[in-house]
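To start, the structure under review is shown below, and the notes come after it.
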Amino acid sequence: MILHPHKIVFAGSMGAGKSAAIQSLSDVPVFTTEAINTDQDRHNKLFTTVGIDYGEITLDDGVKVGLYGTPGQQRFDFIWSTISQGALGTIILIDHSSKSSIQDFDFYYENFVKTNNNLIFAITHIDEKSTAHTSQYREWISNQKQIYPLYFIDARKSEDVLLLIDTLLSQSEISLSLSGN
Ligand SMILES: Nc1nc2c(ncn2[C@@H]2O[C@H](COP(=O)(O)OP(=O)(O)OP(=O)(O)O)[C@@H](O)[C@H]2O)c(=O)[nH]1
Ligand SMILES: [Mg+2]
């Protein structure tokens, strides 16, 4: 498998903010594949990603990072592993305002950890009403064998999304230096 050292994947639940995160950060016009959302039971937003989002950011040190967005809807799960092939890491975004937020957290983790274990979690929509408590995500992580970074962000804010990119890149450098590469 070819490793793309600067390929980052945005995964996670429908409406969590994957497309918004890429839009907020990309230096180039984002390639999107949005279509009218026919799954109004799952989420009442107008558009949803049905293929891939692609954007790019050039970091301060001149490194160009490719930002790849996946569709959140489960009916597109067949594309998830294709988009994730060779990526440096995955950012899993979860919509905290959704009733199924902790089930989503578990579901997207199980699906994406298979292709890449360099991953971090970012909880979005924390400014909206939710019956769930944010501690549920920490509890979930503390029950895993490996500890994953967890952030609470607004996917529309570029500084929040940049923090995720920086964390994922640092995490990957640490694991490469530990493995002696
Ligand atoms: N209030 C609030 N809105 C947010 C936040 N993050 C993203 N949004 C908005 O949520 C809506 C859905 O975001 P998208 O980026 O389309 O979600 P997505 O993850 O790409 O969803 P799919 O493509 O359907 O899987 C957009 O209107 C975003 O601007 C947040 O933290 N708070
Ligand atoms: Mg999208």
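Just follow the structure's listing: the first ligand is 1, and inside any ligand the first atom is 1.
- Using a 4.5 Å heavy-atom threshold, the side chains of Gln73 and Asp39 count as touching.
- Atom NZ of Lys99 has 12 or fewer heavy atoms from other residues, nucleotides or ligands within 6.0 Å.
- Under the rule for a side-chain contact (heavy atoms from CB on, under 4.5 Å), the partners of Glu139 that lie at least two apart in sequence or sit in another chain are Ser135.
- Protein heavy atoms are found inside the 4.0 Å sphere centred on atom 15 (O) of ligand 1.
- A chain of hydrophobic side-chain contacts below 4.5 Å, direct or via other Ile, Leu, Val, Met, Phe, Trp or Tyr residues, connects Tyr68 to Phe78.
- With values rounded to the nearest 0.5 angstrom, Glu128 atom CD is found 10.0 Å from His96 atom NE2.
- Ring centroids of Trp140 and Tyr148 are separated by 6.0 Å or more, keeping the two rings apart.
- Using a 4.0 angstrom heavy-atom cutoff, Asp95 does not count as in contact with ligand 1.
- Using a 4.0 Å threshold on non-hydrogen atoms, atom 2 (C) of ligand 1 counts as touching the protein.
- Under 4.0 angstrom from ligand 1, there are no non-hydrogen atoms of Gln23.
- Going from atom CG of Leu67 over to atom OH of Tyr54 covers 7.5 Å, rounded to the nearest 0.5 Å.
- Neighbouring protein atoms of the Mg ion (ligand 2) (N, O or S, distance under 2.8 Å, waters ignored): Ser19 OG, Thr49 OG1.
- Remark: ligand 1 atoms within the under-4.0 Å shell around heavy atoms of Ile153 are 31 (O).
- Residue Lys45 touches ligand 1 through its side chain alone, judged by heavy-atom distances below 4.0 Å.
- Within 6.0 Å of CG on Asp60 lie no more than 12 heavy atoms contributed by other residues, nucleotides or ligands.
- Remark: ligand 1 and Thr124 share no N or O pair separated by less than 3.5 Å (distance only, no angle test).
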Can I get a per-line list of side-chain donor-acceptor pairs under 3.5 Å for residues 157-168, giving both atom names and the distance, sequence neighbours left out?
| residue | atom | partner | partner atom | Å |
| --- | --- | --- | --- | --- |
| Asp160 | OD2 | Asp154 | N | 2.9 |
| Thr167 | OG1 | Tyr151 | OH | 2.8 |
| Thr167 | OG1 | Leu163 | O | 2.7 |

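- The nearest protein atom to atom 23 (O) of ligand 1, hydrogens excluded, is given as Thr49 OG1, 2.8 Å; this is a heavy-atom distance.
- Proximity to Gly72 (heavy-atom distance under 4.0 Å) selects the following atoms of ligand 1: 25 (O).
- For ligand 1, the atoms sitting less than 4.0 Å from at least one non-hydrogen atom of Ser13 are 19 (O), numbered in the order shown with element in parentheses.
- Taking the six-membered ring wherever Trp is involved, the centroid distance between the rings of Tyr137 and Phe105 falls below 6.0 Å.
- Asp127 OD1, 2.9 Å is the protein heavy atom nearest to atom 32 (N) of ligand 1.
- Criterion: ILVMFWY side-chain heavy atoms under 4.5 Å apart, direct or through other members. Under it, Leu93 and Phe47 are not part of a common hydrophobic cluster.
- For atom 28 (C) of ligand 1, the closest non-hydrogen atom on the protein side is Ala20 CB, 4.0 Å.
- Looking only at atom types and distance, the side chain of Asp53 has a donor-acceptor partner in the side chain of Ser19 under 3.5 Å away.
- The protein atom (non-hydrogen) at minimum distance from atom 9 (C) of ligand 1 is His125 CE1, 4.0 Å.
- Geometrically, ligand 1 and Thr70 share no nitrogen or oxygen pair separated by less than 3.5 Å.
- Considering backbone and side-chain atoms together, Pro71 places no N or O closer than 3.5 Å to any N or O of ligand 1.
- Through side-chain heavy atoms spaced under 4.5 Å, either directly or across other Ile, Leu, Val, Met, Phe, Trp or Tyr residues, Met14 is tied to no other residue.
- Using 4.0 Å as the threshold, Ala21 has no heavy atom nearer than that to any atom of ligand 1.
- The closest protein non-hydrogen atom to atom 11 (C) of ligand 1 is Gly15 O, 4.3 Å.
- Polar contact with ligand 1: absent for Asp53 (N/O pair, distance under 3.5 Å).
- When the heavy-atom distances from atom 17 (O) of ligand 1 to Gly17, Ala11, Gly12 are ranked, the shortest goes to Gly17.
- The heavy-atom pair separating Asp95 from Ser97 by the smallest distance is OD1-OG, 2.6 Å.
- The hydrophobic cluster containing Leu59 does not contain Val28, counting ILVMFWY residues as joined when their side-chain heavy atoms lie under 4.5 angstrom apart, directly or transitively.
- Ring-plane geometry between Trp80 and Tyr108 is classed as tilted, the angle between the planes lying from 30 to 60 degrees on a 0 to 90 degree scale.
- Of all protein heavy atoms, the one closest to atom 24 (O) of ligand 1 is Thr48 OG1, 2.5 Å.
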